[in-house]
Amino acid sequence: MRWSSLFTPTLRDAPGDAEATSHKLLVRGGFIRPLHAGHYTYLPLGHRVRAKVIKIIQEEMNAIGGQEIMVPTMHPASIWQASGRWDSMGDVMFRVQDRHGSDNALGVTAEEIFATVGAELSSYKQLPQMWYQINTKFRDEARPKNGLLRVREFTMKDAYSFDIDEAGLDTSFDAQHQAYLKIFGRLDLEAIPVEASSGNMGGTDSVEFMVRADTGEDEVLICPNGDYAANIEKAISTLSTIEDEAGLAAPEKFATPNIRTIEALAKAGYAADRQIKTMVFVADGETVLALVRGDHQLNEQKLADATAANVVRPASSDEALAALGARPGSLGAVGVTDLRIMADPSLRGRRAMATGANEDDWHYRGVDVNRDIAVDEWVDLREVQAGEACVNCGAALGMVNTIESGHIFKLGRGYAEKFGAQVLDKNGKQVPVVMGSYGIGVDRAIATVVETHSDENGIIWPAAIAPYEVVITIVQMKDDDSVAAATELYNQLLSAGVDVLLDDRDARPGVKFADAELIGIPHRIGVGPRALAEGNVEYTPRATGDTELVAIGDIASRIQQAL
RNA sequence: CGGGACGUGGCGCAGCUCGGUAGCGCACCUGCUUUGGGAGCAGGGGGUCGGGAGUUCAAAUCUCCCCGUCCCGACCA
């Protein structure tokens with residue numbers, strides 16, 4: 001491609017509303033343009049990068065036996081109603097009506113659709129199957145932000161596996177896991193696989209692939225010894241045990257005027273780790289109590305997962321009053337029997353604890369949790385803090401910000417049962433297949449690469465996904481020898497199959513160098529009278545910025561070696 | 001959804017307090033001079049000032065409503 005014909009409007013200034021590095025650079029470099037919030041146009045350079053990322057994903061999916069198909073992006077409401085996700089998706093799902101008034105959904109994911117296709121499977125002999133598509137997804141995010149990192153319309157690779165049993169699913173899941181590591185490796189992204197919450201996907205295990213980045217919104221707890229990594233929504237740690245004194249024969253109510261916080265009660269002589277923090281939540285309309293130790297934080301996603309509710313929210317002060325007879329600050333679960341009580345295991349067996357008495361300005365002391373509180377479910381609710389001990393080796397866990405770049409799920413038989421994806425097993429018995437689902441956001445992957453591959457001058461693309469692998473900069477367009485030599489080199493690289501861009505614009509050298517760096521072409525060849533007089537060209541890798549003189553006869557093979 | 005800010009040519013911004021008919025930088029076009037890290041001079045094109053209503057002789061500027069965008073939080077398959 002000749003740059004003089006290339007449409008890549010570069011900007012000296014980033015748009016004022018861009019914050020994230022990838023957002024600024026992708027817009028400045030002329031890769032993308034916003035249409036409206038969360039929807040972007042891909043210009044030629046961006047489209048080339050996207051195509052290369054897709055190709056890598058296809059190659060790795062095909063390598064593990066994936067078969068590419070494509071399902072519609074608009075789905076009838078009925079299929080989502082059948083799985084229950086027409087409701088549980090809530091506002092995230094775009095819904096449109098057709099001329100007959102029928103409801104339709106724009107796809108946020110496609111478990112339902114693939115399971116429907118899977119209904120045509122009929123025998124265990126056909127399994128395993130692995131199908132995938134690379135297609136547009138729509139998600140009405142509460143707040144699209146940071147350019148391509150969080151959008152409402154995006155390209156996703158979603159794959160689905162079909163196996164006869166759990167062992168088969170494990171094999172498929174592991175194949176995807178390994179393929180993801182290869183894909184991210186080829187994108188030059190260091191993806192950390194972590195244990196994750198499955199959200200409303202259902203199923204059992206899920207693994208997220210997280211890339212460290214300051215702009216990342218997901219927090220991950222990671223062991224320095226490399227034997228544990230988990231999303232904060234799922235992470236656990238080892239706590240030191242607390243030896244309690246015997247305590248009282250029964251809880252004793254005592255006056256605590258104006259004491260409304262854990263901290264205040266601690267100052268009054270009841271240490272935070274000897275208190276029970278009682279929080280009231282509303283899970284799909286049902287009032288539930290969540291109990292954690294006074295010095296612990298509750299993680300709402302853990303609570304949401306434990307309740308299996310679609311929407312979990314903190315109760316208002318008035319709702320707490322209605323449920324327990326007191327306002328936050330004096331709440332407790334002693335004697336409560338009419339509400340669902342969920343407690344963190346760190347409270348199990350604790351004695352001589354202090355907690356609210358459900359009467360403003362009064363607390364209980366001497367509470368024996370097992371004896372005095374009717375806990376319905378013991379579930380992990382506590383949010384792990386940095387510095388706590390790794391469950392595998394005891395080392396202090398670190399906390400890092402990450403971008404979720406991929407997520408794989410073991411779905412189980414739920415979708416297959418609902419959509420009739422059943423086969424006859426060896427015994428001639430009809431059984432639902434076991435499914436897995438596996439997603440990578442293409443656009444987010446692109447943005448993540450930019451987040452982790454840039455400097456003050458612009459993007460530094462890995463060669464595998466760079467819009468062009470090489471740019472030949474003609475330093476002086478008026479120098480006929482330069483133009484001739486550069487053009488010959490250009491044709492030579494083209495016929496060798498190299499993605500090469502010839503900067504033949506009638507612009508000053510500074511402009512050309514700055515643009516080449518901004519759009520991040522990994523290899524730059526400068527052709528100008530100075531070096532050419534000695535039979536040389538200038539070779540500058542984008543990553544280092546160091547320029548080296550190379551004989552013009554050697555540069556082509558040198559480049560091909562580097563690629 | 002709660003809090004905050006913003007909306008003026010393709011991009012970045014000023015003008016608004018105190019109403020008088022729109023300006024600067026970049027980019028773009030023409031010419032000349034330049035030419036090894038975002039050139040200089042001269043000339044030029046391009047704007048319903050987010051939209052609507054209102055106040056006024058007069059609205060980018062004041063008032064009201066609406067729309068949109070961004071940031072923080074909530075939320076996030």
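In what follows, chains are A, B, ... by sequence order, proteins preceding strands, each numbered from 1. Keep in mind that the numbers below use all heavy atoms, side chains included, and drop hydrogens, waters and symmetry copies.
- Counting non-hydrogen atoms under 4.0 angstrom, D515(A) reaches a base of the nucleic acid.
- Salt bridge absent: E208(A) and K234(A) never bring a charged side-chain N and a carboxylate O closer than 4.0 Å.
- Under a cutoff of 6.0 Å and an axis angle of 45°, R48(A) and Y468(A) form a cation-pi pair.
- Taking only side-chain nitrogens and oxygens, R530(A) never comes nearer than 4.0 Å to OP1 or OP2 of rG36(B).
- Note on D218(A): nothing from the nucleic acid sits closer than 4.0 angstrom, heavy atoms only.
- rC26(B) and rU21(B) have their C1' atoms separated by 27 Å, given to the nearest Å.
- Note on A14(A): only backbone sugar-phosphate atoms sit closer than 4.0 angstrom, heavy atoms only; bases stay farther off.
- Applying the Watson-Crick and G-U wobble criteria (two distances, each under 3.5 Å), rC41(B) pairs with rG31(B).
- Distance E141(A) CD to rC1(B) C1': 15 Å, rounded to the nearest Å.
- Within the 4.0 Å cut-off from OP1 or OP2 of rC72(B), at least one side-chain nitrogen or oxygen of K145(A) is found.
- When rounded to the nearest whole Å, the span between CZ of R12(A) and P of rA39(B) equals 6 Å.
- Between rU34(B) and rG40(B), the distance separating the two P atoms is 16 Å to the nearest Å.
- At a cut-off of 3.5 angstrom, the base of rG37(B) holds at least one donor-acceptor pair with the side chain of E517(A).
- At a threshold of 4.0 angstrom between heavy atoms, the contacts of E300(A) are confined to the sugar-phosphate backbone, with no base atom among them.
- Residue R524(A) is in base contact, counting any heavy-atom pair closer than 4.0 Å across all strands shown.
- At a cut-off of 3.5 angstrom, counting only N and O atoms as typed in the model, there is a donor on one side and an acceptor on the other between the side-chain of R150(A) and the base of rC76(B).
- A tilted orientation is assigned to the rings of F162(A) and W131(A), their planes being inclined by 30° to 60°.
- Using a 4.0 Å heavy-atom cutoff across all strands shown, P34(A) reaches no nucleic acid atom at all.
- F154(A) comes within contact range of at least one nucleobase, with a heavy-atom separation under 4.0 Å.
- Under 4.0 angstrom from either OP1 or OP2 of rG12(B) there lies no side-chain N or O belonging to R28(A).
- At whole-Å resolution of the value, CG in D503(A) and C1' in rG38(B) are 13 Å apart.
- A perpendicular orientation is assigned to the rings of F138(A) and F94(A), their planes being inclined by more than 60° (bins at 30° and 60°).
- Nucleic acid contact class of V92(A) (heavy atoms, under 4.0 Å, all strands): none.
- Between F184(A) and Y180(A), the ring planes lie perpendicular to each other; the angle is over 60°, past the 30° to 60° tilted range.
- Checking the phosphate oxygens (OP1, OP2) of rC70(B), no side-chain nitrogen or oxygen of N146(A) falls inside 4.0 Å.
- Note: CG (L43(A)) to P (rG10(B)) measures 16 Å, nearest angstrom.
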(request) Please test R505(A) against D515(A) for salt bridge (charged side-chain N to carboxylate O under 4.0 Å, His left out), starting from the C-alpha separation and ending with a verdict. (result) CA-CA 11 Å; R505(A) 293 176 296 170; D515(A) 273 344; 2.9 Å; yes
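- Under the Watson-Crick or G-U wobble criterion, with both distances below 3.5 Å, rG2(B) is paired with rC72(B).
- Rounded to an integer number of Å, the gap from R508(A) CZ to rU35(B) C1' is 5 Å.
- In this structure, the CG atom of D506(A) is 15 Å from the C1' atom of rG31(B), given to the nearest Å.
- Across the interface with RNA chain B, nearest-nucleotide mapping of V527(A) and R33(A) shows R33(A) to be the residue nearer the 5′ end.
- The partner of rU63(B) is rA53(B), judged by Watson-Crick or G-U wobble contacts that both fall below 3.5 Å.
- When heavy atoms are screened at a 4.0 angstrom cut-off, G16(A) is found touching the sugar-phosphate backbone but no base atom.
- Heavy atoms of E217(A) sit nowhere under 4.0 angstrom from any nucleic acid atom.
- Nucleotides rA74(B) and rA53(B) have their C1' atoms positioned 35 Å apart, rounded to a whole Å.
- Nucleotides rG47(B) and rU35(B), compared at atom C1', are 34 Å apart to the nearest Å.
- The pairing partner recorded for rU21(B) is none, the criterion being a Watson-Crick or G-U wobble arrangement whose two distances lie under 3.5 angstrom.
- Here A514(A) lies in heavy-atom contact (under 4.0 Å) with a base.
- Comparing rG12(B), rG36(B), rG38(B) by their nearest atom to the side chain of V511(A) picks out rG38(B).
- With rC70(B), rC76(B), rC72(B) as the choices, the nucleotide that has an atom nearest any side-chain atom of A37(A) turns out to be rC70(B).
- Under the Watson-Crick or G-U wobble criterion, with both distances below 3.5 Å, rG9(B) has no partner in any strand shown.
- The closest side-chain donor-acceptor pair between D158(A) and Q133(A) falls under 3.5 angstrom.
- Using modelled atom types, no side-chain atom of E404(A) and backbone atom of T402(A) make a donor-acceptor pair closer than 3.5 Å.
- rG25(B) and rU69(B) are spaced 23 Å apart, taking the C1' atom of each and rounding to whole Å.
- In this structure, R313(A) reaches neither bases nor backbone, as no heavy-atom distance under 4.0 Å exists between it and the strands shown.
- For the pair D17(A) and Q476(A), nearest-nucleotide mapping onto RNA chain B gives the more 5' position to Q476(A).
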